[in-house]
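This is the structure I want to talk about, given as structure tokens.
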Amino acid sequence: MQTPASHIVVKTPVVDSIGELFAAHGLGRKCVLLFDENTRKLFGDDILESLRNQGFQTCELVVPARETSKSLSSAWKLYSRMIESNIDRSWNLLAVGGGVVGDLGGYIAASYYRGIPVVQLPTTLLAMTDSSIGGKVAVNHPLGKNLIGFFHMPELVLIDPAYLKSLPSREIYGGMSEVVKYGFIADRSFFDFLDEHFEEIIRFEEPYLTEAVSRSAFIKADVVEKDFRETTGLRATLNFGHTFAHGLEMLAEYRNLRHGEAVTIGMVCALCLSHRLGFLAEAELTEGLRLLGKIRFPKGVIEKRFLSHESDALYESMFSDKKKIDRKLRFVLVDRIGRAFLHGEDVERADVIDSIEDARAWFRKRNA
Ligand SMILES: NC(=O)c1ccc[n+]([C@@H]2O[C@H](COP(=O)([O-])OP(=O)(O)OC[C@H]3O[C@@H](n4cnc5c(N)ncnc54)[C@H](O)[C@@H]3O)[C@@H](O)[C@H]2O)c1
Ligand SMILES: [Zn+2]
């Protein structure tokens, strides 16, 4: 298997070097570009022009900018377009966009002609630091998200943080949630860096933005490389906060709650649970909550999507998470900032409920 980290390039402007990079990685100059309507409008002309100037033959595909584009029916339409355009195995697919385009593009590349190479050009903070790395590609099924897919490693992940400048602040804060997650699970010094420079990063100030993006991407790549198929429990630590988050997303029916927002709430719960079960010292809990407190939410989201639900309802909803095993909930906990583990034992319902209550009390105080 490839080493994911050797295929990640962080550079501004990255598109200017695309020809060289493709050549260095043994990729030909025939490229299907997949955009969503927003990324086509924002970056399409520049990217297409740059590729053509570098001698590429291109074919352009555009999907609506919404989660429902990650479906078999939209993949089917794109296959047809590709067949009609005589795209064969000598072509690559370049996915230009957020996680939706990245997952859909990866899915199509994994299946078209039994697999063509995919290159990721992520344009959201979440995609640069999470979804473009690790080779999980999927479409949604009406009965659940990301259920139909493959492991299809990208040949290259081209990260250019300058693309983030047009991203709405809600998407930035959402993405910051996963960035902060890497500090919690893998790297104390990264946590300290984020704590110190949070505001600069949010304002896209360099070199802080690029450092935050690049360290996150490499932490994810490193974890994936060590546990590609989730056998040792290491890759599972990427799900810190996610058991709670998936429960909240189900309760909200995915309406007006961004994934990153659910993960921030989930990490508050997971920190409280880590402390309650005696793994995490009080001082580290306080520090952890202080950094999470810097992540902002649109007005009313915490109240409507978290505080308005009973803790019991969230607990029940967590069982519906597809990662449940025998109705047992698995939790990723931290025993210090920078080190996470998959807790192997059952956690008492009362402890989970109490930690949700702790989190609610913390948010109420913060919002007061
Ligand atoms: N494969 C994985 O490992 C993995 C991991 C996490 C999430 N995901 C998936 O990622 C998806 C969410 O990704 P996302 O949060 O990037 O959402 P997204 O792809 O829907 O992008 C969010 C919005 O931002 C717009 N946008 C993209 N780049 C922009 C830019 N630079 N400036 C302005 N607007 C821009 C998009 O058009 C879209 O409207 C979900 O489907 C989720 O399942 C996959
Ligand atoms: Zn996530």
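Just follow the structure's listing: the first ligand is 1, and inside any ligand the first atom is 1.
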N/O donor-acceptor pair under 3.5 Å between T39 side chain and V96 backbone: yes
Just which atoms of ligand 1 are under 4.0 Å from any heavy atom in D36? 36 (C), 37 (O)
How does D103 reach ligand 1, if at all, at less than 4.0 Å between non-hydrogen atoms: by side chain, backbone, both, or neither? side chain
I need the minimum non-hydrogen distance between V179 and S216, along with the two atoms involved. CG1-OG, 3.5 Å
Close approach of L42 to ligand 1, heavy atoms, under 4.0 angstrom: yes
From the Zn ion (ligand 2) out to just under 2.8 Å, does an N/O/S atom of D130 turn up? no
Just need the protein heavy atom nearest to atom 21 (O) of ligand 1, so name the residue and atom and give the distance. T124 CG2, 3.7 Å
Numbering as shown, the atoms of ligand 1 that approach E67 to under 4.0 Å (heavy-atom distance): 40 (C), 41 (O)
Under a 3.5 Å distance rule, please check whether N92 uses its side chain to pair with a backbone N or O of V118 as donor and acceptor. no
Test your reading of the structure: does L164 have an N or O sitting under 3.5 Å from an N or O of ligand 1? no
Kindly report the OE2-the Zn ion (ligand 2)-NE2 angle for E178 and H259 respectively, rounded to 10°. 90°
Correct closest heavy-atom pair for H141 and I148 would be CB-CG1, 4.2 Å
Looking only at protein heavy atoms, what sits closest to atom 3 (O) of ligand 1 is K220 NZ, 3.8 Å
Report the member of K136, K145, M128 with the shortest heavy-atom distance to atom 1 (N) of ligand 1. K136
So does D195 get a backbone contact from the side chain of K294, meaning a donor-acceptor N/O pair under 3.5 Å? yes
Of the non-hydrogen atoms in G134 and R235, which two are nearest, and what is the gap between them? O-NH2, 3.3 Å
For ligand 1, the portion of R66 having any non-hydrogen atom under 4.0 Å away: neither
Atoms of ligand 1 close to R258 [distance to a heavy atom under 4.0 angstrom, numbered from 1]: 15 (O), 17 (O), 22 (C)
Between S274 (side chain only) and L333 (backbone N and O only), is there a donor and an acceptor less than 3.5 Å apart? no
Considering only heavy atoms, does T39 approach ligand 1 within less than 4.0 Å through its side chain, its backbone, both, or neither? side chain
Within the distance-only criterion (no hydrogens, no angle test), does the side chain of T232 pair as donor or acceptor with the backbone N or O of L234 below 3.5 angstrom? yes
I'd like to check which ligand 1 atoms, numbered from 1 as shown, lie under 4.0 Å from a non-hydrogen atom of S166. 30 (C), 31 (N), 32 (N), 33 (C)
Just verifying a value: how many Å separate L21 CG and D16 CG, rounded to the nearest 0.5 Å? 10.5 Å
Geometric cation-pi criterion R229 and F151, 6.0 Å radius, 45° cone: yes
Where is the nearest protein heavy atom to atom 18 (P) of ligand 1: which residue, which atom, and how far? V100 CG2, 3.9 Å
Contact region, H259 to ligand 1, non-hydrogen atoms below 4.0 Å, reads neither
Below 4.0 Å, non-hydrogen atoms only: which portion of N146 touches ligand 1? Side chain, backbone, both or neither. side chain
Closest heavy-atom contact between F56 and C31? CD2-CB, 4.0 Å
For the 3.5 Å polar cut-off, considering only N or O atoms, please tell me whether Y163 and ligand 1 meet it. yes
Top protein contact for atom 10 (O) of ligand 1, by heavy-atom distance: G99 CA, 3.3 Å
Any chance the rings of F198 and Y208 have centres within less than 6.0 Å? no
Report yes or no: does R40 have a heavy atom closer than 4.0 Å to ligand 1? no
What's the shortest distance from atom 6 (C) of ligand 1 to any protein heavy atom, and which residue and atom give it? D130 OD2, 3.7 Å
For atom 28 (N) of ligand 1, what is the closest protein heavy atom, and at what distance to 0.1 Å? T123 OG1, 2.7 Å
Ignoring hydrogens and angles, tell me if any N or O in the side chain of R29 forms a donor-acceptor pair with the backbone of Q54 under 3.5 Å. yes
Atom 25 (C) of ligand 1: nearest protein contact (heavy atom, Å): N38 ND2, 4.0 Å
Among all protein heavy atoms in this structure, tell me which lies nearest to atom 35 (C) of ligand 1, with the distance rounded to 0.1 Å. L167 CD1, 3.5 Å
K70 and ligand 1 - part of the residue with a heavy-atom distance under 4.0 Å: side chain
Just by distance, do the side chain of K220 and the backbone of D130 share a donor-acceptor pair under 3.5 Å? yes
Can you give me the closest heavy-atom contact between A95 and G102, atom names plus distance? CB-CA, 4.1 Å
